[in-house]
Number of protein chains: 2
Amino acid sequence: MKIGELARRTGLTASRIRFYESIGLLGEVGRRANGYRTYPSEAAVTLELINAAQKAGFSLDEIRTLLPGELGRWDHDALLGTLRRKVAEIEALEAKLAASRAGLLTVIGQIETRPEDIDCTANARRVLGSILGGLDET
Amino acid sequence: MKIGELARRTGLTASRIRFYESIGLLGEVGRRANGYRTYPSEAAVTLELINAAQKAGFSLDEIRTLLPGELGRWDHDALLGTLRRKVAEIEALEAKLAASRAGLLTVIGQIETRPEDIDCTANARRVLGSILGGLDET
DNA sequence: CTTGAGATTAAACTTAACTCAAAGGTTAAA
DNA sequence: TTTAACCTTTGAGTTAAGTTTAATCTCAAG
């Protein structure tokens with residue numbers, strides 16, 4: 001199949017597919033006599049795999065080190081290790097996000113519950129204190 | 001104070017402070033006769049505020065629209081709206097991360113629980129199916 | 001007087017993951 | 001035959017948030 005059809009099948013742009021090839025994600029790509037790239041249908045699976053891995057948070061660099069030449073022969077242990085490390089990364093990110101969200105909710109609370117009798121400047125100082133003291137303690 | 005001292009006080013690099021000025025985050029910056037920048041001690045508070053906002057997930061562009069000229073006069077309603085929107089963004093991101101993590105754990109499970117009697121290729125197909133079918137359903 | 005630290009500028013470089021444009025070759029259909 | 005739809009390559013542009021470099025200036029101390 002030519003690149004256009006592969007693009008249609010996978011939902012990626014042709015330029016993106018060429019880009020993946022250029023950074024070594026696709027290995028050797030066949031050519032027809034006229035110079036056009038030609039792909040086996042397996043290529044669609046590879047591209048969808050790359051896509052899925054990206055959505056799971058892997059960079060193209062990481063994906064390249066994970067993808068075996070032949071779809072179907074992985075280094076099980078290395079793969080498992082990488083997957084577990086990625087889960088840990090995601091968990092760390094989740095913790096940071098939770099902290100950020102909590103900090104923002106605190107600030108929102110400070111702004112919302114401003115005592116009626118306090119003036120703007122004093123309230124700003126109060127809010128500022130909560131931001132600088134509490135939001136960047138990561 | 002000169003830029004070097006401000007940098008030392010805030011923990012930012014001088015180049016970063018100049019960069020913030022260049023994109024309009026710091027408003028007017030005073031100059032001495034010799035051309036050196038000169039800052040009031042308030043500037044440290046502004047920089048720490050920027051830093052805290054960044055850590056909470058705001059882009060410099062967003063921060064610029066939030067920062068008032070004078071530290072202490074905010075548009076309360078706009079600020080509250082922005083903060084709430086950012087909390088919603090964070091929650092969306094948290095949901096995506098949770099989905100990613102769950103997907104990865106599924107894949108890890110698939111790899112780990114490979115039946116002893118199945119060969120590598122068949123297992124790869126099985127795992128591949130779970131990845132392509134389950135990981136990119138976001 | 002010289003040395004070293006610190007200040008100035010503009011412009012280029014960095015990373016990631018692409019996209020876009022230009023200029024041209026190929027092919028199927030009308 | 002001509003036109004439209006594909007394909008090719010190379011190289012530059014994009015975004016974000018800075019960093020780095022180079023060339024030059026200022027200033028305080030010894």
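Residue numbers begin at 1 in each chain, while the letters A, B, ... track the order of the sequences.
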Open item on the list: Would you say CD of A/Glu28 has more than 12 non-hydrogen atoms from neighbouring residues, nucleotides or ligands within 6.0 angstrom?
Closed with: no
TODO: Would you mind reading off the bend of the helix from C/dC1-D/dG30 to C/dA30-D/dT1 from its two end axes, five pairs each, to 10 degrees?
DONE: 30°
- [ ] Assess whether side-chain contact (heavy atoms from CB on, under 4.5 Å) is satisfied between A/Phe58 and A/Leu83, documenting all intermediate values.
- [x] CA-CA 10 Å; A/Phe58 290 89; A/Leu83 292 175; 3.8 Å; yes
Without swapping roles, check the side chain of [X] against the backbone of [Y] for a donor-acceptor pair under 3.5 Å.
{"X": "B/Ser100", "Y": "B/Leu97", "result": "no"}
{"X": "B/Arg64", "Y": "B/Ile23", "result": "yes"}
{"X": "B/Arg101", "Y": "A/Glu91", "result": "no"}
{"X": "B/Lys86", "Y": "B/Gly57", "result": "yes"}

- [ ] Decide yes or no on side-chain contact (heavy atoms from CB on, under 4.5 Å) for B/Leu12 and B/Leu6, but give the supporting numbers first.
- [x] CA-CA 8 Å; B/Leu12 309 185; B/Leu6 182 59; over 6 Å; no
Atom-to-atom span, [atom1] of [X] to [atom2] of [N] - whole angstrom:
{"X": "A/Leu12", "N": "C/dC18", "atom1": "CG", "atom2": "P", "value": "9 Å"}
{"X": "B/Glu21", "N": "C/dA10", "atom1": "CD", "atom2": "P", "value": "11 Å"}
{"X": "B/Arg18", "N": "C/dA10", "atom1": "CZ", "atom2": "P", "value": "11 Å"}
{"X": "B/Arg31", "N": "C/dT8", "atom1": "CZ", "atom2": "P", "value": "6 Å"}
{"X": "A/Ile23", "N": "C/dC18", "atom1": "CD1", "atom2": "P", "value": "8 Å"}

Open item on the list: Does this structure show an ion pair linking A/Arg85 with A/Glu89, if we count only N-O contacts that are shorter than 4.0 Å?
Closed with: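 No, A/Arg85 and A/Glu89 are not salt-bridged.
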Open item on the list: To check you understand the geometry: which heavy-atom pair defines the closest contact between A/Ala14 and A/Ala7, and what is its length?
Closed with: N-CB, 4.0 Å
Task: Heavy-atom closest contact (B/Thr38 atom, B/Val29 atom, distance) - done: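 Distance-wise, the nearest heavy atoms are O-CG1, 4.2 Å.
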- [ ] Start with the C-alpha gap between A/Leu25 and A/Phe19, add the side-chain angles, then the distance that decides, and say whether side-chain contact (heavy atoms from CB on, under 4.5 Å) holds.
- [x] CA-CA 9 Å; A/Leu25 241 67; A/Phe19 170 70; over 6 Å; no
Task: Interface limits on DNA chain D, where chain A has a heavy atom under 4.0 Å of a nucleotide atom - done: D/dC6 to D/dT9
- [ ] Would you give a per-nucleotide map of nucleotides 19-30 of chain C, 5' to 3', where B means the base has a protein non-hydrogen atom under 4.0 Å away, S means only the sugar-phosphate does, and - means neither?
- [x] S-----BBS---
